[in-house]
Structure formats: structure tokens, C-alpha cells
Amino acid sequence: MPLDKNWYADMEARIPKGGVRTRFAPSPTGYMHVGNLRTALYTWLIARHSNGTFILRIEDTDQGRLVEGAVDVIYQTMQQCGLIWDEGPDLGGPVGPYIQTERRDLYGKYAELLLEKGGAYRCFCDKERLESLHGESGLGGYDGHCRRLTQEETDAKLAAGVPYVIRQKIPETGSTTFHDVVFGDITVENETLDDQVLIKSDGLPTYNFANVVDDHLMGITHVVRGSEYLSSAPKYNLLYEAFGWEVPQYIHCAPVMRDAHNKMSKRHGDPSYEDLIEQGYLSEAVINYVALLGWSPRGDQAEREFFTLSELAEAFDIGGISKSPAIFDLEKLTYFNAAYLRGLTPEDFHEAAEPYIRQTVKDPALDTRLIAPLLQARCERLTDIPEKVDFFDTLPEYGKELYTNKKSKTNEEISLDMLQRTVPMLEGLQDWSQEVIHDALIGLAGTLGVKNATLMWPLRIAVAGKTVTPGGAVEICHILGKAEVLDRVRKGIDLLSHTPS
Ligand code: GLU
């Protein structure tokens with residue numbers, strides 16, 4: 001049956017022309033690799049930098065890898081990171097559908113077109129024959145047996161219902177050169193390329209075929225992806241050529257490494273984006289750090305480290321992408337994260353910190369709005385918080401040696417004296433505001449003729465039971481409330497009055 005040329009013409013007519021169009025094409029695995037997040041980010045940045053269109057396409061033809069809920073993870077992650085798409089499975093758009101399994105019929109039609117153009121052929125070889133080939137060459141390359149079938153032989157097999165795949169017809173001689181924006185021109189001899197399968201016997205496309213057909217039909221101008229796909233690029237080029245389609249710009253990114261020798265890998269325990277969020281990192285910090293994993297700003301921005309997403313969109317240029325692998329450094333990310341935490345408005349910090357405070361501070365009488373400001377400058381990750389504030393709920397067991405501190409000029413004896421003098425003064429306070437507590441304590445130190453720290457140190461130990469706390473004695477007393485403070489101070493007095501036998 002002759003091909004319906006009008007149908008193909010209609011498909012071509014749908015392709016938007018003129019602007020930059022990029023796509024992020026994840027396979028739904030259930031989590032977002034740091035390397036994938038970087039690909040998504042660069043892809044988004046290229047589109048935004050040139051007022052182009054950013055497309056989300058789900059590549060789910062590899063049915064074996066499907067994970068339940070995995071597409072939602074992609075949506076959530078992209079949204080959390082601010083990488084908002086203009087066309088995609090949920091939004092639709094002019095060149096949908098945007099999920100590969102829903103495009104299934106298209107691939108078959110384009111394979112037919114390629115057959116007609118002479119860029120592909122049907123291969124009827126059975127499993128046994130293919131396995132025997134693997135044995136002989138040791139490489140697994142196909143020997144081109146079915147390339148040489150005559151039309152009559154092919155028709156007879158089709159009529160007899162012999163199952164077949166469709167393979168790419170790679171030129172037997174010559175070489176193919178493709179251009180990558182990051183890696184430059186790369187040339188390979190065609191004889192080294194395999195007549196790869198494009199359509200499997202079940203009618204589903206292979207990844208390499210679907211990818212080319214989709215990128216063309218979606219009008220993609222810039223293809224950003226990991227450098228593991230570099231070796232497939234010559235075959236892609238030959239497909240574009242055989243169809244008579246324009247080749248997009250290739251931007252292959254060097255891998256993100258765990259160390260000098262190993263790629264980051266979830267299987268080896270390296271964190272995914274979701275793991276990092278769980279470990280208390282902010283999306284904004286992760287995005288900022290990941291942007292610099294393999295890209296550097298140039299010119300007068302060359303030394304700059306901190307960028308919001310929209311600042312990145314402005315500064316991003318493809319020429320700043322590096323050919324060398326980047327090493328993921330958790331310490332560096334932590335440094336970014338601490339800076340982002342400090343930079344939040346008090347309101348936003350409270351919102352982010354509250355669930356972490358509540359992991360250990362369960363007493364509803366303790367106000368997280370008073371606790372959060374003590375933490376903002378003192379944590380690198382949100383997950384640092386629960387341990388820092390656990391003493392609010394329950395005074396930990398502590399040893400009296402904590403009361404000795406050289407700098408504050410305190411020892412156990414002085415501390416006991418300070419606490420004993422503090423009790424009646426605190427009892428007498430009518431108002432329990434931070435200011436009143438502060439002025440009363442400073443006043444008492446003055447009356448006693450001691451350094452402020454000589455009074456504050458023992459008080460803080462008594463109310464917190466630890467030497468390192470977010471906030472000083474005044475803030476902690478204010479948050480705990482008068483009754484609890486007096487109770488804890490009396491416990492301190494007991495501890496200090498008790499001489500070990
Ligand atoms: N689906 C591929 C992946 O998740 C994307 C490759 C591409 O962007 O061309 O690795």
C-alpha cells in the first residue's frame with residue numbers, strides 16, 4: 001500500500017519553526033539523578049536564555065524499566081526546582097502526545113517512510129541465527145544478511161507471516177562526521193557502525209529510533225544530554241540524513257563524577273535529587289550548585305558563585321559548558337546550602353525549619369517562631385536542626401563539669417552561687433519578655449560585680465544541659481517560660497550541691 005504523503009506533510013506542518021525549542025526527555029525511573037537534573041537544568045536554561053520553548057517528553061518505551069508513580073516524581077522534581085515546561089504530557093501542545101508509548105503508531109509510520117527512502121530494511125533473522133552471529137564475531141554486530149533480500153523474498157516472508165524487525169541501513173563505506181557544540185567534530189568510519197534495530201518485532205521502537213523521530217517531529221533545535229550518548233550520535237545523524245531532516249545542535253555533557261574515577265551512581269549510594277532534599281538541602285541551593293557542575297560563567301561574571309534560577313537563565317551560555325567531567329562535592333553543596341538558608345526571609349526560614357524543629361520539640365507550648373530565628377545562621381542543612389533543639393522538650397542528663405568554663409570565669413562553685421542568686425531574681429519578674437529577662441540578668445551581674453558571662457554561662461547550662469546551643473541564656477529562658485526555667489535552674493543547683501561520695 002503506498003504511503004499517505006498527505007499525512008506526513010501534515011505532521012511536518014505541525015512543527016513550530018523559528019524559535020529555540022529544547023526538550024528534557026527523562027525515562028521514568030522513580031528518582032532524579034544529579035546528572036539528569038543537570039541535563040534538565042541546562043536544557044531549560046538554553047530555552048529560557050533565548051525566550052525559547054521548553055518541552056517535557058517522557059521516554060517510556062523501555063517497558064522493563066517502568067516504575068509506578070515515576071512520572072509524578074519527574075513532575076514534582078521539575079516543579080520544585082522551578083524548571084517549568086511549556087509543553088508536556090499534562091499541558092499538551094502543538095506536537096503531542098508527549099509520552100512515547102502514546103506515540104507508538106507514529107514510529108511504525110516513520111519506519112515505513114524510511115524503508116521507502118532506502119534508509120532501513122526488514123530483517124527476518126531468527127534468534128538462533130542472531131545468536132550464532134554473536135558467537136562468530138564476538139562483537140554482536142549484525143552481518144547484513146537481510147539487506148540483500150530481494151523484494152520478492154521479502155514479500156514472500158511477509159506473506160508467510162515471518163516475524164521481523166526493521167534495521168537501519170548504515171552505508172557500508174565512507175565515514176560520518178557529526179558536530180557537537182561541546183566536543184567539536186567527531187568522525188567515525190561507517191563500517192564500525194552496526195545496522196541497529198529501529199523497530200522491534202513487537203512493533204515498538206528502540207530508544208534510538210524513537211528519540212530521533214520525536215526530536216524531529218517536536219521541532220527540537222538543541223539536544224542536551226549526557227555524553228554516554230555520544231557514541232550513538234553518528235547513527236542519529238545517518239537517520240536524519242536518510243529522512244532528509246535537519247540535524248539539531250548536539251550538546252553532550254561530560255559526566256558528573258563521585259571521584260576522579262567513578263561516575264555518580266545511585267546504586268553505589270550516591271544521592272539523587274530526592275535524597276539531597278531529604279538530607280536537608282534546599283532546592284535552590286542544589287540547583288545553583290548543580291548549574292556550576294560542568295558550566296562556568298564567563299567574562300565579568302567569571303568569579304561569581306551565587307545565582308538564582310532567573311539569574312542563571314540570563315547568564316547561561318552554551319560556550320561555558322566544560323568538556324571535562326565534574327566532581328560532585330557534598331561539602332561544596334553544603335556551603336551553598338548554608339548560604340541559601342541564611343539568605344531566606346525569616347518567614348521562609350521558619351516555614352522550612354518548622355517540620356524539623358517539631359521532630360524534637362513536640363511541646364506545642366514551645367513556639368517555633370521564637371526558635372527558628374536562633375537557627376537560621378547556625379545550620380548548614382535543615383536536618384541539623386532536630387538535634388540542635390532537642391533540649392527544649394527535655395532537659396538532657398548532663399555532668400556538672402559543663403559548668404566549668406575558663407573564658408566565662410566559671411567553675412562549679414561559682415556556678416552554684418550564680419544559680420542560687422538567679423532564682424529569687426527570676427521569681428520576682430512579673431513580665432517574661434526577652435528584654436526584661438535580659439535587663440534583669442545584666443543588672444544582677446552588675447550588682448554582683450561579675451562579668452555577664454559568669455552569670456550567663458551557668459544559667460545556659462542549667463536550662464539547656466549542653467555547652468553548644470542555638471541562642472544564649474536569655475533567648476532560651478524566654479522560649480522555655482518562667483516555670484520551666486526555674487525548675488531547670490533548681491535541678492542545676494541540686495546537681496552542683498551534691499558532692500560525689
Ligand atoms: N531518556 C533518556 C535518558 O533518560 C534521554 C536521552 C536524551 O536526552 O536523548 O537518559
Side-chain angles (χ1 to χ4, degrees), residues 20-47 52-67 70-75 77-78 81 83 85 87-89 95 97-104 107 168 178-183 186 196 198 200 204-240 245 247-256 263-267 270 272-274 290 294 318 321:
V20 165
R21 288 174 63 80
T22 67
R23 77 342 184 239
F24 178 51
S27 303
T29 55
Y31 55 86
M32 182 81 84
H33 245 287
V34 171
N36 275 355
L37 177 62
R38 187 189 58 176
T39 301
L41 175 62
Y42 290 3
T43 311
W44 184 90
L45 289 171
I46 291 170
T53 304
F54 176 61
I55 295 156
L56 179 61
R57 177 172 84 220
I58 303 296
E59 299 207 327
D60 59 348
T61 47
D62 192 352
Q63 300 282 348
R65 275 166 63 193
L66 278 196
V67 178
V71 176
D72 291 330
V73 173
I74 295 170
Y75 290 159
T77 304
M78 304 278 290
C81 293
L83 305 179
W85 52 102
E87 298 171 23
V95 290
Y98 293 85
I99 296 190
Q100 281 189 332
T101 44
E102 292 174 17
R103 300 172 64 78
R104 186 184 165 130
Y107 308 120
Q168 183 175 1
F178 72 95
H179 180 73
D180 181 88
V181 180
V182 178
F183 289 86
I186 299 182
Q196 64 177 342
L198 305 177
K200 295 179 275 189
L204 276 180
T206 55
Y207 166 72
N208 283 342
F209 187 58
N211 196 267
V212 166
V213 170
D214 288 344
D215 283 346
H216 172 70
L217 292 180
M218 294 184 173
I220 303 304
T221 56
H222 298 68
V223 168
V224 187
R225 63 177 157 226
S227 57
E228 66 271 24
Y229 291 98
L230 261 182
S231 60
S232 308
K235 293 186 203 169
Y236 294 167
N237 256 34
L238 290 169
L239 280 175
Y240 282 107
W245 293 340
V247 181
Q249 300 240 6
Y250 291 124
I251 299 147
H252 286 93
C253 300
V256 181
K263 266 179 140 184
M264 269 185 103
S265 118
K266 173 111 176 119
R267 239 184 328 138
D270 294 319
S272 64
Y273 167 81
E274 290 75 21
V290 163
I318 300 173
I321 299 178

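Atoms within a ligand are numbered from 1 in the order they appear, just like the ligands themselves.
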Determine yes or no for a side-chain-to-main-chain donor-acceptor pair under 3.5 angstrom, with T221 supplying the side chain and R21 the backbone.
yes

Would you call K263 and D270 a salt bridge, taking side-chain N to carboxylate O under 4.0 Å as the test? no

One finds that the ligand 1 atoms under 4.0 Å from a non-hydrogen atom of Y229 are 2 (C), 3 (C), 6 (C), 10 (O)

Ligand 1 to E59, heavy atom cutoff 4.0 Å, flagged ligand atoms 1 (N), 2 (C), 5 (C)

Looking only at non-hydrogen atoms, the one of Y207, Y236, Y250 nearest atom 7 (C) of ligand 1 is Y207

(message) Please verify the inter-ring angle class for Y250 with F178; under 30° counts as parallel, over 60° as perpendicular, anything in between as tilted.
(response) perpendicular

### Y31 side chain to N36 side chain, donor-acceptor N/O pair below 3.5 angstrom
no

Nearest heavy atom to atom 2 (C) of ligand 1, choosing from A210, G226, A25, A40, belongs to A25

Looking only at non-hydrogen atoms, the one of A233, P28, S27 nearest atom 4 (O) of ligand 1 is S27

Report task. Taking R103 for its side chain and P97 for its backbone only, find out whether a donor-acceptor pair lies under 3.5 Å. Result -> yes

For N211, the ligand 1 atoms with a heavy-atom partner under 4.0 Å come out as 7 (C), 9 (O)

*Under 3.5 Å: donor-acceptor pair, side chain of D215, backbone of I220*: no

E228 to ligand 1: N or O pair under 3.5 Å? no

